Visitor: 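Right, I'll just put the structure down here and ask away after.
Worth saying up front: this structure is predicted, and the values here are computed from it rather than measured. Reckoned from all heavy atoms, side chains included, excluding hydrogens, waters and symmetry mates. A note on names: the letters A, B, ... follow the listed sequences, proteins ahead of strands, and every chain is numbered from 1.
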Amino acid sequence: MKLVIDENRCKGCNLCTQVCPYRIFSPGARANRKGILVPVLDRPERCTNCRLQALYGRTLCGVCQLTCPDQAIGWVSERPYEPVRIEVEY
Amino acid sequence: MKLVIDENRCKGCNLCTQVCPYRIFSPGARANRKGILVPVLDRPERCTNCRLQALYGRTLCGVCQLTCPDQAIGWVSERPYEPVRIEVEY
Amino acid sequence: MTRIEFMQGNAASAEGALAAGCRFFGGYPITPSTEVAELMARKMPKLGGVFVQMEDEIASIAAVIGAAWTGKKAMTATSGPGFSLMLENIGFAIMTETPLVIVNVQRGGPSTGQPTMSAQGDMLQCRFGSHGDMAILALAPDSVQEMYDLTVKAFNLAERFRCPAFLMADEIIGHMRERIDVPDRVEVVDRKPFVPGRLPFEADDDRVPGFPTFGQGHHTHVTGLTHDARGYPVTTDPAMHDALVRRLVGKVEDARREIADYRVTNPDAEVVFICYGAPARTVRQLVADRPDDGIGVLRLRLVWPFPEHALAEFPNARAFVVPEQNLGQIAREVERHVRVPVIPVSKLGGELHTPDELARVYEEVRAR
Amino acid sequence: MTRIEFMQGNAASAEGALAAGCRFFGGYPITPSTEVAELMARKMPKLGGVFVQMEDEIASIAAVIGAAWTGKKAMTATSGPGFSLMLENIGFAIMTETPLVIVNVQRGGPSTGQPTMSAQGDMLQCRFGSHGDMAILALAPDSVQEMYDLTVKAFNLAERFRCPAFLMADEIIGHMRERIDVPDRVEVVDRKPFVPGRLPFEADDDRVPGFPTFGQGHHTHVTGLTHDARGYPVTTDPAMHDALVRRLVGKVEDARREIADYRVTNPDAEVVFICYGAPARTVRQLVADRPDDGIGVLRLRLVWPFPEHALAEFPNARAFVVPEQNLGQIAREVERHVRVPVIPVSKLGGELHTPDELARVYEEVRAR
Amino acid sequence: MTFTDWLRADRLPHIWCSGCSNGTILNCTLAAVEAEGWDRDRTVFVSGIGCSSRAPGYVATDSLHTTHGRALAFATGVKLAEPSLNVVVFTGDGDLAAIGGNHFIHACRRNVDMTVVCMNNLIYGMTGGQGSPTTPLGALSTTTPYGASEPAFDLVALAVAAGANHVARWTAYHVKELEKAVKTGLETPGLSFIEVRAGCPTNYGRKNRIREVTDMADHFRTRSMLKTKYDRLVAEGKPVPADAIVVGEFVRRANPAMGVAP
Amino acid sequence: MTFTDWLRADRLPHIWCSGCSNGTILNCTLAAVEAEGWDRDRTVFVSGIGCSSRAPGYVATDSLHTTHGRALAFATGVKLAEPSLNVVVFTGDGDLAAIGGNHFIHACRRNVDMTVVCMNNLIYGMTGGQGSPTTPLGALSTTTPYGASEPAFDLVALAVAAGANHVARWTAYHVKELEKAVKTGLETPGLSFIEVRAGCPTNYGRKNRIREVTDMADHFRTRSMLKTKYDRLVAEGKPVPADAIVVGEFVRRANPAMGVAP
Amino acid sequence: MRRELRLSGFGGQGIMLAAVVLGRAAVMYDHTYAVQTQVYGPEARGGASMAAVVIDDNPILYPKVTDPDLLVIMSQEGFEKYGANARPDALMLLDRGLVHSRPDCAYIEVPATDDARSVLKKVIVANIVMLGALVAATGVVSREAIERAVLDQVPKGTEDLNLRALRQGYVRGEEARR
Amino acid sequence: MRRELRLSGFGGQGIMLAAVVLGRAAVMYDHTYAVQTQVYGPEARGGASMAAVVIDDNPILYPKVTDPDLLVIMSQEGFEKYGANARPDALMLLDRGLVHSRPDCAYIEVPATDDARSVLKKVIVANIVMLGALVAATGVVSREAIERAVLDQVPKGTEDLNLRALRQGYVRGEEARR
Ligand SMILES: Cc1ncc(C[n+]2csc(CCOP(=O)(O)OP(=O)(O)O)c2C)c(N)n1
Ligand SMILES: Cc1ncc(C[n+]2csc(CCOP(=O)(O)OP(=O)(O)O)c2C)c(N)n1
Ligand code: SF4
Ligand code: SF4
Ligand code: SF4
Ligand code: SF4
Ligand code: SF4
Ligand code: SF4
Ligand SMILES: [Mg+2]
Ligand SMILES: [Mg+2]
């Protein structure tokens with residue numbers, strides 16, 4: 001599992017930076033196209049959810065996700081390595 | 001002072017018959033013009049108010065009057081005897 | 001098959017509603033409409049329907065709208081002061097295309113006025129009383145029989161157009177008892193079902209969308225804000241608003257001819273009475289009393305949308321006389337459409353126009 | 001002497017009210033009228049007046065009426081949904097002849113509609129929205145200056161007739177800022193004082209009774225029920241009701257000519273625009289852009305009672321064009337009074353008619 | 001002067017039915033304002049719509065008989081605009097707690113300096129006997145033909161929770177206590193709310209087997225329980241009869257209030 | 001499935017300002033209905049008008065966004081007409097307690113089986129920051145430019161007095177506790193009322209010197225006091241800070257309720 | 001033929017009920033037409049109550065009674081308000097014990113309340129006695145019809161009492177016709 | 001002469017304030033006429049904010065800006081929504097750091113936000129820098145007028161900062177005219 005912030009939704013309130021017990025979020029520095037400073041993730045693999053969610057089959061902390069007022073925080077599954085065939089057209 | 005029931009106002013509910021500690025009111029028997037049985041007074045001079053109001057200069061019981069939902073109970077002053085000159089025209 | 005009954009007007013309206021399939025009544029007592037609620041309180045539980053007395057008229061119409069979205073046919077009944085309070089949510093029902101029926105048994109206004117006396121003072125209010133532009137359906141019964149029949153019709157129109165329909169009765173008709181033939185069964189129209197795959201507020205050619213009943217997995221968003229076909233708020237797009245309001249108004253107003261419901265007597269007449277509700281009884285008496293005079297009558301059973309084309313049924317009309325228990329509310333509407341004199345005969349205070357009074361007006365107008 | 005200011009329309013209305021002597025404001029926030037309340041909240045305490053934010057619009061108008069009976073000049077401000085909620089008590093104010101002012105900054109309806117967009121959809125609602133027959137006074141400003149001036153005028157009319165007066169503004173005029181000349185002093189009319197010895201609701205020749213302010217020993221009973229000249233309820237006497245309602249309506253409607261407030265441009269015109277509020281700005285632009293066309297304009301500042309006689313100021317009119325931010329509400333009224341075509345130019349959705357749009361309509365109508 | 005001087009004699013007899021408690025409650029209220037020495041010229045009675053709300057029409061002061069449920073909102077306007085006026089509100093259970101519920105809790109919250117007397121007859125009298133928000137579970141009315149099924153309000157609890165400075169309950173039987181409670185109300189800055197259980201023989205009594213007016217008075221007498229006793233029973237864990245009418249003073253406090261004359 | 005499956009993804013991002021608590025409270029509520037295993041097809045979200053009342057528009061179920069203040073009356077109609085539907089109401093302090101106060105107390109009285117989540121930001125957010133009936137004394141808003149002078153409601157006390165079967169208060173900071181409280185609400189037959197103190201950085205925060213979103217969260221964290229602790233302090237006669245936000249469950253009971261699915 | 005009736009008395013006498021019963025009798029059992037109307041309102045509480053009935057073989061258009069040809073008056077106040085100016089060719093039935101005045105038109109004195117009290121032992125059925133007298137004296141509806149209508153409208157358990165009251169009324173009505 | 005301006009940016013930049021200041025400057029200190037309008041509404045919250053000003057020597061009849069001849073654009077989204085289809089003969093002032101696109105009409109790149117941040121140490125006054133640039137570049141209102149109007153509208157204690165911002169804007173505007 002991989003922690004992600006949906007840039008389209010995040011409004012830069014920084015609540016996630018405040019609530020994560022592992023301080024995984026820190027305030028962003030560079031404004032995006034909408035002028036929003038999206039937080040940056042610091043070693044998200046420390047996140048309880050990232051580590052253990054798959055193992056236990058349920059959300060284990062999720063405080064940042066529950067808190068995020070903009071529904072911008074989520075987890076995407078990281079698939080194991082799969083070779084991808086690339087066709088190159090000349 | 002004299003206890004009176006205003007026949008124009010009384011609607012015959014008989015609450016006065018129920019509340020007076022001296023049972024001065026008793027249910028009426030004869031319907032008046034509006035079909036109402038106005039209570040009759042039994043020796044009203046026993047009424048605390050009748051007896052002592054003038055002496056103490058204020059209402060002393062008045063429970064029947066407060067209770068009477070039709071504002072039909074009151075006291076009129078009884079004046080001492082006064083000769084009245086009557087002119088008779090032929 | 002019908003069954004003869006001796007029934008009060010308000011009771012007949014309640015019976016008509018139940019026959020039309022009404023299964024939710026939310027109301028708040030007010031003279032002279034209360035008997036509608038009281039009968040519903042007795043009968044609804046036996047039919048598996050819901051009767052609820054709400055905390056006020058605002059809540060009543062709100063609950064009725066809520067119930068309607070669960071698929072129920074729902075109604076309320078009230079009179080002037082309560083009707084005034086309902087107006088905001090009537091606008092909501094129009095905006096959200098919620099079918100429902102409101103019985104207004106009219107009493108003397110303005111304000112608390114004459115609670116127990118008859119009037120027809122809310123005829124323009126029901127049309128223009130909520131803020132913004134809108135269209136509604138309004139019927140006006142002139143007998144206990146019509147209290148029944150037109151309540152049924154109100155439900156059918158409300159369902160068909162997904163628009164509030166008003167039974168604009170008056171105290172006289174609501175409170176009087178008379179003979180009525182109660183039919184065994186009545187024709188019942190149900191709201192058009194929602195077709196999955198379409199958008200919740202996507203209208204058909206008749207400009208009415210199918211009804212996405214709550215609880216069936218359609219996940220419909222219903223809002224009083226200007227919305228798109230998905231039901232989502234879009235409040236700063238002028239074109240969206242324009243299209244929505246014109247559709248809501250047009251679906252009803254453009255059906256004017258098709259749904260018109262009126263009675264014509266003596267179409268050749270030069271003097272024509274236009275009437276609805278209790279005063280129509282007097283007009284009919286007048287015509288019956290003077291069979292040779294050929295007095296014209298246009299009696300409206302459906303008042304809104306106003307059947308302006310019906311005026312053309314009297315090609316020889318020299319004047320339209322409009323007796324109403326108000327200061328000429330429908331007469332105003334008639335004035336918009338005709339070029340001959342329109343003579344309002346306003347009677348305020350609760351008493352019905354007498355045949356003599358109307359006869360005098362008739363003589364006078366004829367002599368002009 | 002006047003003072004130039006750059007001011008928002010809503011603020012100008014509040015300033016006008018204070019200048020007219022308003023010392024009580026009871027309101028409930030609603031877009032796009034809220035700035036009126038906000039300015040009152042800041043200024044009232046400094047003037048020794050009262051600002052109170054009530055629990056809803058029903059309570060707001062109720063508190064305003066209560067305050068008016070203590071002798072205060074009182075007002076509220078709202079928009080469509082809030083206006084709908086006020087209607088019952090507006091009827092009460094009419095019935096009890098309570099002077100007060102209601103500012104309605106109109107937004108897009110029906111229902112919640114377009115809260116931040118402009119409309120003129122409540123023009124018939126303000127006239128017919130409460131139950132029963134009635135008359136009211138309604139003004140429509142077309143500039144920030146008129147937000148000020150006509151608010152003052154609304155107070156003066158309300159006081160003179162003891163009748164609610166409405167400032168029927170629209171979001172465009174309410175929200176825009178422009179130059180305004182604030183006068184040093186304004187002409188102020190006060191309600192006619194009560195003459196002891198008369199009955200509390202005994203009217204004079206002008207059909208307006210003197211005002212028996214609470215707290216001065218008049219012991220007046222004020223009721224929304226039909227009442228006699230003493231103010232006592234008499235609810236089943238038809239003649240009493242008839243006389244009362246006709247007086248309440250007549251005192252305002254019969255003053256129609258005297259209080260009419262409109263502006264005429266090019267009375268010889270064949271094509272005449274009738275306008276009020278924001279669209280009047282476009283009409284005036286059109287006329288300014290085409291000085292040689294002699295386009296007729298009847299611009300209404302006082303819309304109700306409708307100055308029907310003003311239509312006669314255009315003896316050559318072949319058509320009346322009525323641009324409104326609604327589906328032709330005042331156009332309906334015009335239709336009652338004229339025999340030439342009435343062409344509503346309805347623009348819904350919040351945008352102002354552009355000069356080009358009206359020019360096109362003008363060309364078309366002229367070519368007919 | 002006595003309380004009868006506060007009556008509009010030209011309007012009596014009033015419209016209330018024989019045995020209706022409204023007249024009694026009117027008397028007690030007027031006795032209190034009279035005892036308080038209030039000035040008839042500076043006192044305003046306000047009400048909504050209902051049988052009970054007709055009361056101000058019988059009082060020889062300025063009086064404002066408003067729309068159904070809105071009395072407290074009107075009264076708030078009167079009082080805030082002119083705090084030097086004394087304001088008393090008469091209302092009914094329907095007027096106050098059904099349609100008027102919002103103004104009720106807001107007037108209590110604002111703690112507007114006035115006295116509110118609610119003639120709670122557990123029914124809508126004026127419109128012919130429909131259930132009200134205080135109709136007890138199981139009671140009959142024209143809209144609860146099978147017995148009321150909605151829980152009822154405790155008006156006193158609501159007034160306390162909403163913030164009123166003085167809250168009491170009595171019945172129309174308790175004329176002296178009621179007069180006193182109203183007087184306390186008049187004296188307490190802030191909102192005073194006095195619920196008075198009232199008999200409506202015509203509608204409530206007839207449908208609920210309390211047919212005789214005097215039976216209703218007996219009912220009030222026998223069912224009433226002083227708050228002090230009630231509190232004691234509760235504290236001791238002893239049972240309280242389900243139909244007890246707890247009477248007495250529930251709160252008297254000095255929270256911030258509005259519209260208090262300077 | 002997780003609570004995010006209850007969102008109308010096609011409507012995100014929502015209209016709420018950056019840092020507004022409404023989104024958080026929406027998450028917690030959806031997490032509770034999801035945890036409860038409710039069926040999206042049989043669940044209806046209802047609201048009035050306000051920023052908070054926009055919440056149902058973001059939930060992928062049937063949703064009814066009604067008129068200002070009337071959510072509970074509409075919801076009552078939905079629930080009584082079809083008790084098998086689950087009903088959740090989102091509302092704001094203005095919507096619920098100002099214009100909607102009457103429906104609030106009546107829904108509690110009827111004890112209609114639904115869950116009411118009030119996003120109480122102590123202000124009218126949607127209309128730009130006017131005072132509400134919960135604005136604390138002294139707080140600034142556009143209509144209280146000199147500090148609020150009207151006493152504020154205790155919404156929890158009102159709900160308890162009016163009859164709700166389950167009443168709790170939390171803040172937007174307490175996401176887990178809030179989720180749990182909502183879940184208890186969903187499970188309790190009758191009306192469940194959950195007041196959630198919410199941050200409105202745009203209007204309340206800016207005017208009252210809680211400018212940063214994270215300051216508001218800190219404010220909630222530091223000012224909150226568990227009801228158990230509060231009760232203890234009161235019992236011991238110890239002082240409670242004036243600005244304490246008492247959080248926890250205030251009532252859970254099994255009084256008669258309406259609209260409970262058979 | 002159109003017959004217009006007006007009934008008046010004081011609250012509690014069952015004036016309204018009598019009118020409803022009459023209309024019901026005509027419509028349901030005589031199969032004619034009838035319209036019943038009445039005065040509502042709290043102001044009417046203390047004073048005289050009034051109800052009206054129109055009965056006709058043909059559908060009734062104008063539903064109101066303006067100038068009744070039959071009057072049933074059960075209180076003095078009712079007489080003053082609704083009976084005093086009865087038209088000369090009208091017929092009035094009045095409760096002998098309760099109405100002191102007499103009209104200019106033809107009238108029948110019915111001791112309805114007295115009979116109800118002394119013969120039937122229930123004052124409450126005076127209205128039914130009156131109805132019986134009316135039917136017997138005028139035939140405005142048939143006896144069968146009025147009996148069935150009375151049975152439809154009165155509370156369970158009081159059927160017999162009411163029928164007896166009706167018959168007592170018949171006797172009074174017949175007396176008068178003689 | 002009638003001049004129509006449109007200003008756009010994102011929430012918090014003070015677009016509305018800039019428009020009001022401009023209108024105020026024209027009316028109160030240049031003694032001309034001006035109308036200021038803007039877009040309200042919660043839907044506008046997240047997105048681009050917009051305000052418009054008409055300035056004229058004569059009273060203004062039609063109050064709206066349909067096709068502005070002057071544009072002040074302070075965000076990319078604002079450009080896309082309100083600036084992209086500016087008419088060819090318009091003049092646009094855009095915030096160099098925040099607007100990436102460039103219009104077809106004449107334009108001036110003003111480093112307003114950069115200046116506010118680096119020179120004035122307060123990003124919040126970028127709008128005032130922009131106003132200064134606008135006035136210097138176009139003379140739509142006089143410098144004296146804009147200065148007095150700014151002083152009228154800004155919070156106490158920030159007068160100096162705002163005046164400096166305005167002057168920084170003049171510099172940028174003058175640069176562009178060269
Ligand atoms: C808006 C509105 N709705 C309904 C009514 C009808 N109405 C008049 S009084 C009343 C109930 C009064 O009940 P309550 O306040 O308990 O007074 P009571 O008659 O029992 O003393 C109702 C519903 C009305 N007048 N106005
Ligand atoms: C009848 C009516 N009055 C007023 C309004 C304007 N209005 C919309 S939202 C709102 C206040 C909302 O406050 P709250 O419920 O606290 O919601 P918030 O925006 O703070 O979440 C008001 C007064 C309206 N829409 N309808
Ligand atoms: S809490 Fe959500 S919206 Fe706020 S900064 Fe973090 S990801 Fe962005
Ligand atoms: S789920 Fe918990 S641990 Fe993981 S990032 Fe969020 S708050 Fe931190
Ligand atoms: S209490 Fe009054 S109304 Fe009742 S019987 Fe006695 S005097 Fe008459
Ligand atoms: S005042 Fe008292 S003692 Fe006298 S009659 Fe009345 S109740 Fe009896
Ligand atoms: S109906 Fe009831 S409350 Fe009304 S006056 Fe009669 S007894 Fe009193
Ligand atoms: S105004 Fe306040 S309540 Fe509304 S969305 Fe913004 S922060 Fe939230
Ligand atoms: Mg009651
Ligand atoms: Mg809020």
Visitor: Give me the atom names and distance for the closest heavy-atom approach of C/Ala62 to F/Ala73.
Guide: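 In terms of heavy atoms, the two residues are closest at CB-CB, 3.6 Å.
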Visitor: Need one label for F/Leu85: side chain, backbone, both or neither, based on atoms under 4.5 Å from any heavy atom in chain C.
Guide: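 Side chain of F/Leu85 only, per the 4.5 Å heavy-atom cut-off to chain C.
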Visitor: Against chain F, label C/Val64 side chain, backbone, both or neither, depending on which of its atoms sit under 4.5 Å from a heavy atom there.
Guide: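 No part of C/Val64 comes within 4.5 Å of chain F.
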Visitor: Between F/Asp10 and C/Tyr232, is the side chain to side chain contact (heavy atoms under 4.5 Å, CB included) condition met? List the steps.
Guide: CA-CA 10 Å; F/Asp10 60 345; C/Tyr232 293 170; 3.1 Å; yes
Visitor: Tell me, side chain or backbone of C/Glu55 under 4.5 Å from chain F's heavy atoms, or both, or neither?
Guide: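 Both parts, backbone and side chain.
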Visitor: Under a 4.5 Å heavy-atom cut-off, does chain F meet the side chain of C/Arg23, its backbone, both or neither?
Guide: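 For C/Arg23, neither part sits under 4.5 Å from chain F.
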Visitor: Do C/Leu225 and F/Arg54 have side chains that get closer than 4.5 Å, going by heavy atoms?
Guide: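 When only atoms from C-beta onward are counted, F/Arg54 and C/Leu225 do touch, with a gap below 4.5 Å.
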Visitor: Find the one option among F/Met258, F/Arg109, F/Arg70 whose heavy-atom pairs under 4.5 Å with chain C are most numerous.
Guide: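 Top count of heavy-atom pairs under 4.5 Å with chain C: F/Arg70.
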Visitor: Within this structure, what is the OG1-CD1 distance for the pair C/Thr223 and F/Ile49, rounded to the nearest 0.5 Å?
Guide: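 Reported value, rounded in 0.5 Å steps: 6.0 Å.
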Visitor: Is the side chain of F/His65 donor-acceptor paired with the backbone N or O of C/Val222 at a distance under 3.5 Å, no angle test?
Guide: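 No, because the side chain of F/His65 does not come within donor-acceptor range (under 3.5 Å) of the backbone of C/Val222.
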Visitor: Any side-chain heavy-atom pair from F/Phe74 and C/Trp69 closer than 4.5 angstrom?
Guide: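 A side-chain contact is absent here, since even the closest heavy-atom pair is not under 4.5 Å.
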Visitor: Would C/Phe214 and F/Thr43 count as a side chain to side chain contact (heavy atoms under 4.5 Å, CB included) if you check the C-alpha gap in whole Å, the side-chain angles of each, and the deciding distance to 0.1 Å?
Guide: CA-CA 9 Å; C/Phe214 278 5; F/Thr43 301; over 6 Å; no
Visitor: For chain F, which candidate among C/Ala67, C/Gly71, C/Gly215 shows the most heavy-atom pairs at distances under 4.5 Å?
Guide: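 Max contact count across the listed options: C/Gly215.
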Visitor: Mind running side chain to side chain contact (heavy atoms under 4.5 Å, CB included) on F/His106 and C/Met54 for me, showing each step along the way?
Guide: CA-CA 9 Å; F/His106 280 272; C/Met54 296 298 290; over 6 Å; no
Visitor: I would like to know whether F/His103 and C/Ile58 meet side chain to side chain contact (heavy atoms under 4.5 Å, CB included); could you show each step before the answer?
Guide: CA-CA 10 Å; F/His103 313 301; C/Ile58 299 176; 4.3 Å; yes
Visitor: For chain C, which candidate among F/Leu80, F/Thr76, F/Asn86 shows the most heavy-atom pairs at distances under 4.5 Å?
Guide: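 Of the options given, most contacts go to F/Leu80.
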Visitor: Mind ranking C/Asp56, C/Ile61, C/Asn89 by heavy-atom pairs under 4.5 Å with chain F and telling me who comes out on top?
Guide: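 The residue among C/Asp56, C/Ile61, C/Asn89 with the greatest pair count is C/Asn89.
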Visitor: So, for F/Arg110 and C/Gln53, which heavy atoms are closest and what is the spacing to 0.1 Å?
Guide: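 Here F/Arg110 and C/Gln53 meet closest at NH2-O, 3.1 Å.
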Visitor: Minimum heavy-atom separation for C/His218 to F/Asp62, with atom names?
Guide: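 Answer, listing the atom of C/His218 first, then F/Asp62: C-OD1, 4.0 Å.
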Visitor: For residues C/Thr70 and F/Ala81, report the shortest heavy-atom separation together with the two atoms involved.
Guide: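 So the two residues come closest at OG1-CB, 3.5 Å.
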Visitor: Need one label for C/Thr98: side chain, backbone, both or neither, based on atoms under 4.5 Å from any heavy atom in chain F.
Guide: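 C/Thr98 has no heavy atom closer than 4.5 Å to chain F.
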Visitor: Go through the structure and list residues passing side chain to side chain donor-acceptor pair (under 3.5 Å) with F/Ser63, not counting sequence neighbours.
Guide: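 For F/Ser63, the residues satisfying side chain to side chain donor-acceptor pair (under 3.5 Å) (neighbours in sequence not counted) are C/His221, F/Arg8.
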Visitor: Checking C/His219 against F/Asp41: is there a side-chain donor and acceptor pair closer than 3.5 Å?
Guide: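 Yes, side-chain donor-acceptor contact under 3.5 Å.
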Visitor: Among F/His68, F/Arg40, F/Glu82, F/Lys79, which residue forms the greatest number of heavy-atom pairs with chain C at distances under 4.5 Å?
Guide: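 Greatest number of close heavy-atom pairs with chain C: F/Arg40.
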